[in-house]
Each structure stands twice: as structure tokens, then as C-alpha cells.
There are 2 protein chains.
Amino acid sequence: MGASKDEKYHMGSKERIHRLKEQTRVNILDAAYDIVKDEGWQALSMRKIADKIEYTAPIIYEYYANKEAILLELTKKGFMLLAGRMQEAKNKHTDLADQLEAMWLAYWNFAFEEKEYYQLMFGVEMNCCIMDEILPPGSTPYDIAAGPIAEMMGISDPEDDRVCTKYYTYWSIIHGLISINIVRKGTSDEINRQILKDAITGITRSLKN
Amino acid sequence: MGASKDEKYHMGSKERIHRLKEQTRVNILDAAYDIVKDEGWQALSMRKIADKIEYTAPIIYEYYANKEAILLELTKKGFMLLAGRMQEAKNKHTDLADQLEAMWLAYWNFAFEEKEYYQLMFGVEMNCCIMDEILPPGSTPYDIAAGPIAEMMGISDPEDDRVCTKYYTYWSIIHGLISINIVRKGTSDEINRQILKDAITGITRSLKN
DNA sequence: TAATTTTGTCTAACGGTGTTAAATTATTTA
DNA sequence: TAAATAATTTAACACCGTTAGACAAAATTA
């Protein structure tokens, strides 16, 4: 197609080159994610990424400081995705209890639908401590969930310690269930759903006491 | 001391050598654990182990098939240790609820006192699926905890699905809390204890309904 | 005791990893 | 077209897990 010709003649070459560089930056990330998806995160290597984008390995260092930076960027993408899913689920309901259930179910679904992301975010090198720095303010799972929790408890400040405690209770049981399930694939899906729902409604009930 | 002399004269050299080999087998494991404790599991390498036991790397392969086998052995040791702690905690009480609380507290304490083991067992490569094959029958956390749970629920068979579900609920929230806490060291210890106790008593209460 | 076999240990190497510096090629500028 | 700049590659370093072959020490046999 004539796109490249148009670009050559009608655009500043600086911008064109800048866009191309942006594209390879994206390509590197995509290639990395493909490899992780195909062969697992442990099989990811700089040379494999280079192969996939048809360059040699050192080129990648023009775009990312090192391998860790690539993993970090993927982690960031994962957290953004998760935040989106949770927000979306929340928006579908007005009832507080429904919101909470929907949000945690969205979290649960994300963990299995985007298993590679979830492992990168929580499993592998446990870099979920950077979550707060990475995400735009107001879009961490806490920010999304704390509102309904506080409201249900009759507490105005979502940063209140009591709210925080309940939030961690939710998070713990769900993250624990997921960790255990990602490993032990034996347990039936039905039982897991049951545990999950029981736990969520149990905690939710305990909010208004 | 004269031990070596005695050994030389009064013992078959075969046994002496066998004992020495047993010792280096242990030394390898100890060296590996020391490195993991000092520099983290990711820093563990065959050459470093060899350095520590004052041999060269290939020697290790006389004792362990490969690096994975060493990690596996350490994992096994970790599970044995955990099982011991939980059993010990259980034996200190007669009341069922007390037993459950003590066991899960022991689990919690183990995770932080033996952080390296716990990470090896659950964090790193998630090889807790081999738990059942590794441990002697009757000493998995499930085996230890299922009894009191079943009894409290008025169920005779500890393998009952309802017991299993409750067990996973306990395990999930505790494992989740631990995972989150090993990463986010920010949260105060007091709050964590509170969440843990709340969760345990909450689930325990739900057993007899 | 001397020769031979067995055992223990090490050296050297292979193919792989992340990463860097220098050389080379291609592109833009003058 | 010549010089300067940018893009890309080659080569190398230091590490990794692992294996094969050389070598020396010990045990066994003659």
C-alpha cells in the first residue's frame, strides 16, 4: 500500500521515525508476552524476544533498560487491565453488596483468563508492592473496593483502618484461593466457586454488624 | 578426639565412607539453604554450593540429579517442618476450636519464621502440588486439620466434601494473607493479627451452623 | 609388595543466559 | 559527493546448569 510513500512525502521524518520507534517498543512487549504465553515466564529471554521482532538482542536495550524493565512494563499493563475489569464490574450494579460481589468475581475471572499477567503480578517475583506507584491514583483495587466497603460499614472515610482490615480480608481469601487453584488444578471448579461465594458473602455480611 | 582412629580400626571402611557420603549430601543441602537465606533463592547456583562445601560443581551431581532435585529436597524438609509445628500446636489443646486456632497460628508463624522455606514451598515455583506425594500419609496440613473440622461440623468422614470446602477456606485466607504480607511489609503486624484472628474465628463459627 | 582396578575429584567444554563496547552499516545532513 | 549521525550487528564478558573425559588417589587383587 502507499502508506509509506505518503509518510515519506507528507510527514516530517522525525515524527515518522518516532512513531516507528514507538511501534518497536510495543512490538517488544507483545513479543515478550507471546513467549510468556507460549512457554511460560521462565522461558522468556532477551534473545528470544529479539528473534521474534527480527532484530538482535542488544537492540532491545535501546528501548528498555533491561529484562526486568520489560517484566515491569508487562506487570503495569496487567494491573491496568485488572483495574479496568473491576471498575467495569462495579459500574454494572448500584447495590453495594452486588458491587462487591461483582468486583471480586471480576478479580477472580481475571486471574484465570489472564493467567500469565496474574502470575507476573503476584506469583513470580511478587512485585505487587509497586502497585501504588504504577497505577494512576484512584485505580488500585483498594481504591475501587474501599468505597462500597466503607459505605456498607457506615464509615465515611475509606482510608479508615476498619475498612482497610476488611479489604485485606477479602483480598487475602481471594488471592489465597487463586494461588492454591493455579497450582492444584485437581479441585473441581464447582467447589471453588462455592468457596469463593461463601467467603465473599460471609465477609460482606460481617460488614454490617 | 580419637573417633577417627576408632573408626579406622573397628569399623568397616565401607560404612565409614558411606557415612561420609551421607554427610556431604547433608552438607550440600545445608550450603544451599545458607545461600538461599543469605542471598535469596534466585542467587542459588551449583557453583556457589560447590564453593561453600569446598568442592567443584560436578561433584554435586554425584549426590543430586540436578539443581531441581536440591530444591525439591529442601521443599520436602520445609513441609516436614511445617507438619511438625502444626501437629505440635494441635497437641497442646483438647478443645476443637482451640486446636484449629493453634494450628493455623502455627502455620502463620512458620511462614514468617521460616520465610525461605515457605517461599520455596509456595512462592517460587509453586510445587506444593507434590505435597501429597512427598509427605508420609497423615501428616499433610489437610490430614492434621480435617479431623477437628469434621468433628466440629458433626461429620464423621474427614474426606467429606463439606469438610474439604471449609479446609480450603481456612487455607486460602491464611495463604492469601501470608502472600500479601511477605510482599507488602508496610501493613502493621497488629492489623494482620487482627485480620487473621477475625478470619479464623469467623470460619470456625461457621462450622457449627 | 607390585600391578590393576575402582573410586573420587577436577578440568574443560557445550550451549545457554543478561548485558556491554566496539565495529559496521545505513541514513541524513551539509 | 563527503561528512556526520543514527541504527544495527558482531564480539565479547561473566555467569548459569550440565556433561564428558582426564587425572590422581585409594582400594583391591595378584
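Just so it is clear, the structure is predicted and the values come from calculations on it, not from any experiment. Proteins get letters first, then strands, A, B, ... in listed order; numbering begins at 1 in each.
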Please find out if less than 6.0 Å separates the ring center of B/Y117 from that of B/Y33.
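So the answer is yes for these two rings.
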Examine distances only and state if a side-chain atom of [X] and a backbone atom of [Y] form a donor-acceptor pair shorter than 3.5 Å.
| X | Y | value |
| --- | --- | --- |
| B/R25 | B/Y63 | yes |
| A/E116 | A/V36 | no |
| B/K67 | B/L44 | yes |
| A/S172 | A/T169 | no |

Counting any heavy atom closer than 4.0 Å, what does B/L44 reach on the DNA or RNA strands: base, sugar-phosphate only, or nothing?
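Sugar-phosphate, no base atom in range.
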Under the side-chain hydrogen bond (donor to acceptor under 3.5 Å, both in side chains) test, which residues partner A/N66, sequence neighbours left out?
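Testing A/N66 for side-chain hydrogen bond (donor to acceptor under 3.5 Å, both in side chains), a comparison that skips the adjacent residues, returns none.
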Looking at residues at least two apart in the chain, or sitting in another chain, which of them share a side-chain hydrogen bond (donor to acceptor under 3.5 Å, both in side chains) with B/Y64?
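Result, side-chain hydrogen bond (donor to acceptor under 3.5 Å, both in side chains) vs B/Y64: none returned.
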Rounded to the nearest angstrom, tell me the gap between atom [atom1] in [X] and atom [atom2] in [N].
| X | N | atom1 | atom2 | answer |
| --- | --- | --- | --- | --- |
| B/I49 | D/dC16 | CD1 | C1' | 12 Å |
| A/K48 | C/dG16 | NZ | C1' | 10 Å |
| B/Y64 | D/dT18 | OH | P | 14 Å |
| B/I28 | D/dT18 | CD1 | P | 13 Å |
| B/Q42 | D/dC16 | CD | C1' | 14 Å |

Please list, for nucleotides 4-8 of chain D, all pairs of protein and nucleotide N/O atoms separated by less than 3.5 Å.
{"from": "D/dT8", "atom 1": "OP1", "to": "A/Y55", "atom 2": "OH", "distance (Å)": "3.2"}

Quick one: salt bridge (charged side-chain N to carboxylate O under 4.0 Å, His left out) pairs with a partner in residues 84-93 of chain A, sequence neighbours left out?
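Sorted pair list: A/R85-A/E113, A/R85-A/E114.
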Mind listing the closest non-hydrogen atom pair of A/I53 and A/N27 along with its distance?
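The pair with the smallest heavy-atom distance is CG2-O, 3.7 Å.
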Quantified as the angle between the terminal helix axes (five pairs each), what is the overall bend of the helix from C/dT1-D/dA30 to C/dA30-D/dT1 to 10 degrees?
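What I find for the helix from C/dT1-D/dA30 to C/dA30-D/dT1 is an axis angle of 30°.
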Does the distance from a Lys or Arg side-chain N to an Asp or Glu carboxylate O, for B/E39 and B/K48, drop under 4.0 Å?
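Result for this pair is yes, salt bridge flagged.
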Set out, in order, the CA-CA distance, both residues' side-chain angles and the distance that settles side-chain contact (heavy atoms from CB on, under 4.5 Å) for A/M121 and A/F110, then state yes or no.
CA-CA 12 Å; A/M121 289 155 73; A/F110 172 84; 3.8 Å; yes
Check the interface with nucleotides 19-23 of chain C: list each N/O to N/O pair with the protein under 3.5 Å, or write none.
{"from": "C/dT19", "atom 1": "OP2", "to": "A/Y61", "atom 2": "OH", "distance (Å)": "2.9"}
{"from": "C/dT19", "atom 1": "OP2", "to": "A/K67", "atom 2": "N", "distance (Å)": "2.8"}
{"from": "C/dT19", "atom 1": "O5'", "to": "A/Y61", "atom 2": "OH", "distance (Å)": "3.2"}
{"from": "C/dT19", "atom 1": "O4", "to": "A/R47", "atom 2": "NH2", "distance (Å)": "3.4"}

